[in-house]
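Every chain is numbered from 1 and lettered A, B, ... according to where its sequence line falls, protein lines coming before strand lines. Here the structure is a predicted model, which means the values were calculated and not measured.
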Amino acid sequence: MTNQYEAVGLKAKEYEGIVEMLGREPNELELNLYGVMWSEHCSYKHSRSMFKHFPTSGPSVLQGPGENAGIVDIGDGLAIAMKIESHNHPSAIEPYQGAATGVGGIIRDIFAMGARPIALLNSLRFGELEGDARVKYLLEGVVEGIAGYGNCMGIPTVGGEVYFNQSYRGNPLVNAMCVGLIEHDAIHRGTASGVGNSIMYVGAATGRDGIGGASFASATLTEESEEKRAAVQVGDPFMEKLLLEACLELLKTGSIIGIQDLGAAGLVSACCETATRGEGGMEIDVLKVPRRETGMVPVEVMISESQERMLLIVERGREEEVNEIVKKWGLHSVIIGRVTNDDKLRIFEGDKVVGEIPAESLDSSGAPRYEPDYAPPADLAELQKLDIESIPEPRDLSSTLRKLLASPNIASKEWIYRQYDHMVRTNTVIKPGSDAAVLRIRGTKKGIALTTDCNSRYCYLDPREGSKIAVVEAARNIVCSGGKPIAITDGLNFGSPETPEGYWQFRESVLGLSEACREMDTPVISGNVSFYNQTEKGSIHPTPIVGMVGLIEDISKTCTMAFKEAGDIIVLLGQ
Amino acid sequence: MRFGIVVFPGSNCDIDCYYVLKDELQQEVEYIWHEEELKEGFDCIILPGGFSYGDYLRCGAVAQFSKVMEGVKVYAHAGGLVVGICNGFQILTEAGLLPGALVRNKGLKFICDTTPLKVTEANSPFTNQYQKGEVIQIPIAHGEGNYVVDEVTLAEMKTKGQILFTYGENPNGSTGDIAGICNEGKNVMGLMPHPERASEALLGNVDGKKFFQSIMHYLEGGKNND
Amino acid sequence: MKVNIFVTLKDSIADPQGNAIHGALKQLDYKNVEDVRIGKLIEVVLGDISKEEAEKQLQEMCKKLLTNPVIENYRYEWVD
Amino acid sequence: MKVNIFVTLKDSIADPQGNAIHGALKQLDYKNVEDVRIGKLIEVVLGDISKEEAEKQLQEMCKKLLTNPVIENYRYEWVD
Ligand SMILES: Nc1ncnc2c1ncn2[C@@H]1O[C@H](COP(=O)(O)OP(=O)(O)O)[C@@H](O)[C@H]1O
């Protein structure tokens, strides 16, 4: 018989820790909350201790890691908010909805800061295309899902990258990045403070969809995963568009103390994160939460990952004002609880208290931390061996060139970005297909350049050097477009951290990224970690995706990579 | 001139049109919320692109019933200029202000690209600054831009000069390569491509600017070009 | 009361989605498939209304909103 | 031989499309509408094959291509 705690994904040691902290056994609801919140996806328990290596501050960093998104100054009182997020496992099972809801989630992170989302990018990995119907199905579905959501939201998808390699066959990677524009004094945080202030819920009703999504993202994909179907959610971009406009309008009123999206681990995550940041507590009543399905029990309401929902902490007495604005956008808002002055997350079902836990203990700051043993893979030296001399020179260079150009990893990606509306909002000065995308910043002379990069083959052969290369490749792309690199967001996709090789790859990669970012003066302002990207057949190549933003002081001075005119001089720069 | 841009929930090219008219062409321009009644005094109403009401049933199907559309219909029947771009075109066909319907692209995919358009009729309030037969480059961005219409109506539209733009390289399977049409009265027009995305030098293309300039020219009492 | 509404494309309107699925089925070696057409199924639950009144409303809804008569036909079927 | 396949979202799966249409119908004052869910109708014409064999193939097609069992259910009905 499996223990109760094992059923929610906790280890014996972790369970003992909970009992000690509470001074009692947790009840079933509480245990489930720990289960999802201490999942790898929510708690970063295997990665957090490495984050200290990242350079995360600098004169232009207005918000580093730890919030819904990072924010970097671009002058003129304006700033850029950005973050990247993975949605790998859902996309492996339902590519369209998996990718779509990934985009939806990252957009919410950006407008939760008060920023207007202005661009989307993505980074995708699949198995080899040739003759593989399943991989083609995944690629088509993922691209359509990204397009479906972003296009409907009216946010241009301006860049991205895709690679095909067998290590991703059973476990594709779908990382979505969103970039927002914000005025310095409009920055909002996900904080619940001010005793008596109201906790309000806006957006879609809560259903049983996505229950256990965070744990699902924190486990190895198996045949059985197919059965974890409830973990797949359906996106509603129209609802999110309304939510976006409503939230941005609300934030202008000054009635909002804090705002947080309901993403992985749903309500419980949003509640304990905002309470922890506010250094207070919170009471909520699950009966007040709008529901889509009947018969839902408190734990289901607390951990559901239904999409397109936000939590607002509203100044007491101004709830009606919030209702009015929300209503204008065709949505509903309800008060589900209030901020308290103790440090507890107290959950009511009507009058009855059904759970009471120190908020901080659920949050990643209270979760366990692991620094596993690490060692390079035994076959690394073998892998790294390459005798250039042993490779014969191709006899027919033109046919070799043609073959190279036709290979999916090198070929034009127009088939993909033609499906993304990359021009809406008419700011896209350099469109997909060049080194980096460039957007003008309306009302200024400035622009920003955006790119995502990672060569995971390099990272497989040498995670530290490969990760450095990812940073400098991104920087070169920015520079070639006319920008000065100013910050990155990183999407760290790895196999299991619980094997010495897995953790070694992760560790090396973080050290490499840190070193390169320090050297390039591009602080890490946000990011995401996705572990357990593996199947029974093995782990993916380490894939630390770098999303970089660069600043262009004068938007009239940008450059694209195409040759312009016959007779122009070609210069090879560098060593 | 005073332009009104209707904002439906889910509209997302509203601001693009707004900036072109205001900043590039120095016109008076105002947003009109879908729940408002249409006020007096507009010289031209634009229904912008986007995904009104999510376009979940058929594109434009729900938007036709919004409050503002009652006024737009009256305005159109009285001869006022109404332009539907992309989703706006879909709304105008659903509302019965333009003939035909727009269905899923033949290739089933959403297409975002810049494509050659032929000005098939310069004698209209929307095309008078172009030359008949002129080929311009205009962006498209749609999943359901495949125009269908029965043969009788099509023949009539041809004789009456209602087909204003055709695709140079048909991207979506549209009947007769149709990209933009107007009604018989030539005061209501719909087009799938986005001239507002091609009206600014910084974005590398100004072929769409004459579309708006045509409307201005017409409103100023200028002659149509034939 | 539950009713299923079936919305189909008129025969004169091309159905690229149906064609694509037909093509895919052929590729999967389902050689006996001769034609595929895709329509919509709209399941509607109605409360507290006589069947007669319901029929009237349904017809209206279908003509007004649920279908576009330029391209689509519809029929419906009571489930209970 | 003709068969109609009905593909519907599982009950636990959100149906934003259905919700949006439900909302629109309410706004058009159809107050008796209590729920709307949207599915697909796939009309398939099969030639030259026994009904038995056809049933087998249909089930297979549905599972393999026509539906995603992660979020959808299907049933079918012979038309003739
Ligand atoms: N690899 C990383 N590098 C830097 N910051 C990270 C990384 N992974 C996560 N973070 C930061 O940790 C915080 C929590 O991330 P996450 O749990 O992904 O947020 P959310 O739950 O809102 O998606 C965020 O502020 C994020 O920017």
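Remark: A/K327 NZ is loosely packed, at most 12 non-hydrogen atoms of other residues, nucleotides or ligands lying under 6.0 Å away. The local environment of CD in A/E28 is sparse, with at most 12 non-hydrogen atoms from other residues, nucleotides or ligands closer than 6.0 Å.
When all heavy atoms are compared, the tightest approach of A/G235 to D/P16 is O-CG, 3.5 Å. Summarising the geometry of D/I13 relative to A/R292, their closest heavy-atom pair is C-NH2, 3.9 Å, with the distance given to 0.1 Å. Here the closest non-hydrogen pair linking D/N68 and A/I93 is ND2-O, 3.7 Å.
Neither the backbone nor the side chain of A/Y96 comes within contact range of chain D; no heavy atom of the residue lies under 4.5 Å from a heavy atom of that chain. Contact of A/E94 with chain D is made through backbone and side chain together, with heavy-atom distances under 4.5 Å.
Listed by chain and residue number, A/R108 satisfy the salt bridge (Lys or Arg N to Asp or Glu O under 4.0 Å) test with A/E240 (two or more places apart in sequence, or in another chain).
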Donor-acceptor contacts under 3.5 Å from residues 24-36 of chain D side chains, at least two apart:
| residue | atom | partner | partner atom | Å |
| --- | --- | --- | --- | --- |
| D/D29 | OD1 | D/K31 | NZ | 2.8 |
| D/Y30 | OH | C/E60 | OE1 | 2.6 |
| D/N32 | ND2 | C/G47 | O | 3.2 |
| D/N32 | ND2 | C/D48 | O | 3.2 |

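Rounded to the nearest 0.5 angstrom, D/K10 NZ and A/R208 CZ are separated by 14.5 Å.
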